[in-house]
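Labels below follow one simple rule: chain letters A, B, ... track the order of the sequence lines, proteins then strands, and each chain is numbered from 1. Here the structure is a predicted model, which is why all the values come from computation and not from measurement.
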Amino acid sequence: MKLATWNINSLNVRLPQVIAYLQANPVDALCLQELKLSDDKFPVAALEEIGYHAVFTGQKTYNGVAILTRQPVKDVAKNIDGFEDTQQRVIAATLDTPAGELRVVSAYCPNGQSVGSDKYEYKLKWFAAFREGLQKELARYPRLAVLGDYNVAPDDRDVHDPVKWEGSVLVSEPERAAFRSLLDVGLHDAFRLFEQPPKSFSWWDYRQLGFRRNAGLRIDHILLSDTLKAVCSECVIEREIRKNEQPSDHAPVMATLEI
DNA sequence: ATGGTTGCCATGCAA
C-alpha cells in the first residue's frame, strides 16, 4: 500500500500534473494541500475518469485539503474537532485494508509568516489543537497516517542553510517543539525511519532559483503510528516532480506500507 | 539591506 502527500499550490493550475502523477504512481491515497478552490470547483469528474475517488474541503483562494483514493472511503471528518477555524486545513478518512482500518489525515499546517506575527501565534495555537485532535484519532485508529505540509523543518538536517535560517519561521524552536509534540502522542517521522540522502528537502522557494541551488527545506512529512511504523518499508521524496514545467514549489513525499 | 516568484485576481496579500 502506498500513501503520498503533495502541496500542489492551486489544484486549478496543477490538475494535469496531479493526473500525470497518479497515472505514473498509482498510489492508494494521495493527500493534497493548498487546493485554493471552493468545493463547487473541485474536479471530481476528471479524477473519476482516472479511477480516483476524492474527499475534500476547500475554500476560495486559500488553503484547502483533499484525499484522493483508489477505493471509496468512510468516516470522513473535516477540520480539527473542537477548534473553531474558517480556514480549511484538515480532512481525515478511513480506508479498509486487508490488515483492518487505515486512518489517513491530510493536513495543511499554518505557515506562520514570521516569528512573532499574529499568524505565528495562530500557528502555535493551531498545532496545540491539532495535537489534541490526533490524540483522539490515535485512540480510535491504531493504524494512523498523518500526511501533509507541516510548515516545520524538524531538524537542522532538514534545512539547506541552518545558520542563515536559525530562529526563522518554519525553523524556530517553538515551531519545532510544536512538531515534536505531535510525535509525542505516538507518531513517527516516516522519512527518518530510513537512511536518506543528505540535503533531502521537499520545498524550494520559487525565488532566487531555490530549486536549482537546492536551497530548500524538508517541511512535508508523513507521520505514522507505532502499528504503521512496523510495516513501513520505504519513504521517499519525489524530487523529480519539482522539475515539471510550471511546478508546485513542493515535491510529493511517498511511503510504502506492507499491508 | 532589499528583493527575487507564483497564484489568487485585478491589488496587494499569502506563501
Side-chain angles (χ1 to χ4, degrees), chain A residues 5-21 30-43 46 56-66 79 85-91 106-127 130 147-154 158-172 174-176 178-179 201-221 237-253:
Chain A
T5 180
W6 191 11
N7 179 323
I8 47 163
N9 185 21
S10 168
L11 184 54
N12 274 328
V13 173
R14 233 67 67 188
L15 178 62
Q17 291 183 47
V18 170
I19 289 171
Y21 175 81
L30 175 61
C31 296
L32 299 177
Q33 300 86 37
E34 284 208 87
L35 307 179
K36 294 187 171 180
L37 49 71
S38 51
D39 287 351
D40 58 302
K41 304 268 172 48
F42 193 94
F56 46 86
T57 183
Q59 66 185 90
K60 198 179 165 202
T61 311
Y62 303 114
N63 309 311
V65 287
N79 303 312
D85 196 355
T86 57
Q87 303 184 26
Q88 302 306 304
R89 295 185 174 279
V90 181
I91 191 164
S106 177
Y108 176 49
C109 306
N111 171 281
Q113 194 165 63
S114 61
V115 173
S117 67
D118 289 350
K119 292 190 177 71
Y120 184 81
E121 295 308 315
Y122 163 75
K123 180 177 191 173
L124 296 179
K125 284 199 183 78
W126 189 95
F127 265 84
F130 192 43
L147 300 87
D149 176 1
Y150 289 76
N151 270 312
V152 178
D158 306 314
V159 181
H160 71 97
D161 185 344
V163 172
K164 181 177 154 191
W165 277 83
E166 191 183 0
S168 303
V169 75
L170 311 185
V171 167
S172 76
E175 291 166 90
R176 286 177 166 176
F179 179 80
F201 309 124
S202 66
W203 168 83
W204 300 261
D205 203 306
Y206 284 125
R207 296 165 286 189
Q208 301 280 91
L209 301 171
F211 185 63
R212 257 191 204 290
R213 298 186 295 120
N214 197 30
L217 302 177
R218 191 177 70 93
I219 57 176
D220 300 271
H221 309 299
I237 297 172
E238 298 177 302
R239 190 177 189 282
E240 291 297 306
I241 299 294
R242 186 60 171 78
K243 297 177 182 170
N244 286 352
E245 291 271 328
Q246 208 179 1
S248 167
D249 44 353
H250 296 251
V253 186

- prompt: Judged by modelled atom types alone, do A:Tyr21 and A:Asn244 share a side-chain donor-acceptor pair under 3.5 Å?
  reply: no
message: Reading DNA chain B in the 5' to 3' direction, which nucleotide is the first one with an atom under 4.0 Å from a heavy atom of chain A, and which is the last?
response: B:dG3 to B:dA15
- prompt: Which pair of non-hydrogen atoms, one from A:Glu34 and one from A:Ile8, has the smallest distance, and what is that distance?
  reply: O-CG1, 4.1 Å
task: Could you pull out all residues at least two apart from A:Glu240 that satisfy side-chain contact (heavy atoms from CB on, under 4.5 Å)?
output: A:Lys243
- request: Please state the P separation for the pair B:dT11 and B:dT2 - nearest whole angstrom.
  value: 27 Å
Among A:Leu147, A:Val65, A:Asp149, side-chain contact (heavy atoms from CB on, under 4.5 Å) partner for A:Thr5: A:Leu147
Interatomic distance at C1', B:dG12 relative to B:dA1, whole Å: 23 Å
Residue mapping more 5' on DNA chain B - nearest nucleotide basis, A:Gln208 or A:Asn151: A:Gln208
- request: Tell me what A:Tyr108 touches on the nucleic acid: a base, only sugar-phosphate, or nothing, going by heavy atoms under 4.0 Å.
  value: sugar-phosphate
- prompt: Looking only at side chains, do A:Lys123 and A:Asn111 share a donor and an acceptor under 3.5 Å apart?
  reply: no
message: Would you measure the distance from the C1' atom in B:dA14 across to the matching atom in B:dC9 and give it in whole Å?
response: 13 Å
message: Closer than 3.5 angstrom, by distance alone: can the side chain of A:Ser114 be matched with the main-chain N or O of A:Val169 as a donor-acceptor pair?
response: no
Geometric class of the A:His221/A:Phe179 ring pair [parallel <30°, tilted 30-60°, perpendicular >60°]: tilted
message: Counting runs of three or more consecutive pairs, Watson-Crick or G-U wobble, with each distance below 3.5 Å, where are the stems of DNA chain B?
response: B:5-8 with B:12-15
query: Judged by modelled atom types alone, do A:Asn12 and A:Ser10 share a side-chain donor-acceptor pair under 3.5 Å?
result: no
- line: Closest to the 5' end of DNA chain B, once A:Tyr206 and A:Asp149 are matched to their nearest nucleotides, is A:Tyr206
